[in-house]
Amino acid sequence: MNTIKIAKTTYPVLDVIKNRWSARAFSNKTITDEELNTLFEAASWAASANNEQSWQYIYAKKGTEAFDNICNCLLPGNQPWAKNAAALIVAVARKTFEANNTVNAYAGHDLGMANAHLLLQARAMNIYCHPMAGFNKIKLTENLNLSENQDAFCVIATGFLAGAETLEEPFKTRELTERKRKNIAEFTFKL
Ligand SMILES: Cc1cc2nc3c(=O)[nH]c(=O)nc-3n(C[C@H](O)[C@H](O)[C@H](O)COP(=O)(O)O)c2cc1C
């Protein structure tokens, strides 16, 4: 494993949190429907406002036309490595409440909650995920025929890890660069 990416924490957080990172080096290993459904099940158990479950996942496996359709919408900083992922998952928020069609102000928040579950479940299964907002949203919305009520927030490259040496620069260096975070004192405020 690429140990440089393991978080150096001050406090003893869960291993899946320490060991998850946004990988770019994906191997040829295929992902099964069972594995993908396990990730989606994990996502489904996230908390959400009013239990609205505003998330939707539209996905395709590598080697399909649908995969290429999503991949072609990624920006040049993402496409060269994300094309090797076993699956591309588009994370979509349903913008309104199902019950009364009013705006759900928490739709994006709750999609993020579900995505976090998905990423951590993946890591527990040795599957790596890399969320990307770097895509042409107009094109992807068109390609997937999304409605006005569907907001594609990110595309998650998902698959199994390969060695960093499989990447071209500048991606190789990024794969070998330590992850950094703000100190908790910078974003927490004890009253
Ligand atoms: C909503 C969102 C959008 C992102 N977009 C991109 C992207 O387009 N390209 C990319 O390489 N990484 C993208 N990332 C990954 C972040 O750069 C990464 O999570 C951050 O640098 C922290 O690194 P880590 O996930 O390895 O801890 C995105 C992450 C999120 C949550």
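Whatever order the structure lists ligands and atoms in, that order sets their numbers, starting from 1. Note that this is a predicted model, so its numbers are computed, not measured.
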Results of side chain to side chain contact (heavy atoms under 4.5 Å, CB included) for [X] - residues two or more places apart only:
X      : value
Ala162 : Ala25, Ser27, Thr166
Ala43  : Tyr57, Ala114, Leu118
Thr177 : Thr173

**Request:** Give a yes or no on whether a salt bridge exists between Lys8 and Glu178, defined as a side-chain N under 4.0 angstrom from a carboxylate O.
**Result:** yes
**Item:** Electrostatic pair Arg94-Glu52, nearest N-O below 4.0 angstrom
**Value:** yes
**Message:** Counting only heavy atoms not in Phe67 (residues, nucleotides, ligands), do more than 12 fall under 6.0 Å from its CZ?
**Reply:** yes
**Request:** Sort out the contact shell of ligand 1: every protein residue with a heavy-atom distance below 4.0 Å, listed by chain and number.
**Result:** Arg20, Trp21, Ser22, Arg24, Asn78, Trp81, His130, Pro131, Met132, Ala133, Gly134, Arg179, Arg181
